[in-house]
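A short write-up of the structure that comes next.
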Amino acid sequence: MSYYDRLLLEKLRANLVMYQFAEKKPLPKNSGVTITWNRYTDMSAASALTEGTAPSATATSTTQVSATLEQYGAFSQPSDLLQMTSIDNQIESLIDLFGYQSGLTLDTRVRNGLLGTSAVNPSGAKLPLQYWHSGTSSGYIGTTSSILADMTMDTNNIREAAFNLRRLNVRPYEDGCYVAVLHPNAIKDIESDSDWQTWNQYIAKETMWKGEVGKVYGVRIIESTNMLNSTSGAGASTTAHYSPVFGKGCYAVTELDGGVKTFIKTPEGHSDTANPLNQWSTVGWKVTFATQVLHTSAGRVIVTAG
């Protein structure tokens, strides 16, 4: 069983791009179904002290952000005949498939939490959308419906997002950089920008995040095929790509009782009346999980054509 656990986790980690950038908070059992993060409010600059007079105590305040734990999982039921006649290892093959499915499920849930899609927290915390394009006279446009086919991703979009994060004092990651996650279509567009080529002549490959393709204006660019794109609402039948850019502490994830669990059940040695002839086994996975945007000012989502 430990072998199959490791196999699933290897596949899971390979397909989790967004998870690596989250604030992580594991939860033990019997902790309730709601998790709350406390974010302290920064203090303003202190006033000069009066000689011989103690100042008033400075009050502290926090903002609480909560999320409800959710369960995800799936299982398959291979028959005894299939296991006896199959050329490959059915259990191992299913674990490989479920490793990808579980990774895709959690990655999509984190992504949707940042975007506040209709299926996930549509009225709660989500990152603001950035409609900024160097091809327009004012830079900014109003809505997704105003995006035209030539308003593709370029380094100016990244620079504007990074500027907005810096002016709001958003913390970078330990290497001093922010992170942007882009679909391959958006990566292709940004790589054609001459500024991109200038920035990425010298890249320390050994220090890259998983999925990283380069860096520009202090933002590390990560590639993911699981970024949201949609033709709904985009102008002139254009596909709109949604690319989150964020700093440290933007969002968090938590898992109950150690994260993703694998379940392999065989009928041997069990008096299972529902399976009287030992005609099948079951293989599956389950996770109890929550994710939430902690600070809406700590990131934004660039909307471009693609």
Side-chain angles (χ1 to χ4, degrees), residues 15-22 103-104 107-117 126-136 139-165 170 172-173 177-201 203 208-247 250-251 293 298-306:
N15 292 288
L16 273 176
V17 174
M18 300 300 298
Y19 189 90
Q20 63 187 323
F21 305 112
L104 179 64
D107 197 68
T108 302
R109 180 60 183 84
V110 174
R111 180 203 73 187
N112 289 351
L114 294 180
L115 299 179
T117 63
K126 57 185 176 182
L127 300 185
L129 301 181
Q130 174 181 300
Y131 299 102
W132 191 93
H133 299 283
S134 56
T136 64
Y140 278 93
I141 59 176
T143 63
T144 306
S145 61
S146 300
I147 294 177
L148 302 178
D150 61 348
M151 295 179 175
T152 56
M153 176 67 75
D154 59 20
T155 58
N156 287 319
N157 283 283
I158 302 296
R159 180 178 60 182
E160 185 70 8
F163 161 73
N164 281 299
L165 297 185
V170 175
Y173 286 88
C177 295
Y178 300 124
V179 169
V181 185
L182 277 59
H183 188 275
N185 286 0
I187 294 286
K188 179 183 178 182
D189 290 328
I190 199 173
E191 286 181 340
S192 66
D193 191 319
S194 59
D195 282 347
W196 171 267
Q197 298 163 20
T198 300
W199 273 89
N200 290 277
Q201 293 182 65
I203 291 292
M208 284 186 168
W209 292 94
K210 181 175 60 184
E212 185 175 357
V213 297
K215 182 174 72 172
V216 61
Y217 294 115
V219 180
R220 291 190 175 275
I221 309 299
I222 312 299
E223 185 176 55
S224 170
T225 57
N226 197 35
M227 285 299 98
L228 183 67
N229 59 79
S230 174
T231 57
S232 177
S237 300
T238 298
T239 298
H241 287 278
Y242 298 82
S243 306
V245 184
F246 47 84
C250 176
Y251 63 97
V293 173
R300 57 194 55 236
V301 178
I302 303 175
V303 187
T304 55

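Numbers here are sequence positions counted from 1.
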> How long is the span from the CZ atom in Arg159 to the CG atom in Asp154, to the nearest 0.5 Å?
Replying inline: 9.0 Å

>> On a heavy-atom basis, which atom in Ala305 and which in Ala149 lie closest, and how many Å separate them?
In response: CB-O, 3.7 Å

>> Set out, in order, the CA-CA distance, both residues' side-chain angles and the distance that settles side-chain hydrogen bond (donor to acceptor under 3.5 Å, both in side chains) for Asp193 and Thr155, then state yes or no.
In response: CA-CA 7 Å; Asp193 191 319; Thr155 58; 3.0 Å; yes

> Quick one: are Val245 and Val219 in side-chain contact, heavy atoms under 4.5 Å?
Replying inline: yes

>> side-chain hydrogen bond (donor to acceptor under 3.5 Å, both in side chains), that's the test. Do Tyr140 and Glu160 meet it? Break it down for me.
In response: CA-CA 10 Å; Tyr140 278 93; Glu160 185 70 8; 3.1 Å; yes

>> Let me confirm one number: the CZ-OH distance from Arg220 to Tyr178, rounded to the nearest 0.5 Å.
In response: 14.0 Å

> Minimum heavy-atom separation for Trp199 to Val216, with atom names?
Replying inline: CD1-CG2, 3.5 Å

>> Rounded at 0.5 Å granularity, tell me how far OG1 in Thr144 sits from CG in Leu129.
In response: 6.0 Å

> Nearest heavy-atom pair of Ile302 and Asn157: which atoms, and what distance?
Replying inline: CD1-O, 3.6 Å

>> Looking at every non-hydrogen atom in both residues, tell me the closest pair between Asp107 and Met18 and how far apart they are.
In response: OD1-N, 2.9 Å

>> Just verifying a value: how many Å separate Met153 CE and Thr304 OG1, rounded to the nearest 0.5 Å?
In response: 4.0 Å

> Roughly how far apart are Met227 CE and Leu182 CG, rounded to 0.5 Å?
Replying inline: 9.0 Å

>> As an exercise, state the distance from CD1 of Ile141 to CG of Leu148, rounded to the nearest 0.5 Å.
In response: 7.0 Å

> Do you know the tightest heavy-atom contact between Ala240 and Val303?
Replying inline: CB-CG1, 4.2 Å

> What pair of heavy atoms forms the shortest contact from Asp189 to Gly306, and how long is it?
Replying inline: OD2-CA, 4.4 Å

> Tell me, do Trp196 and Val213 make a side-chain contact under 4.5 Å, heavy atoms counted?
Replying inline: yes

> Is the Phe246 ring parallel, tilted or perpendicular to the Tyr173 ring (thresholds 30°, 60°)?
Replying inline: perpendicular

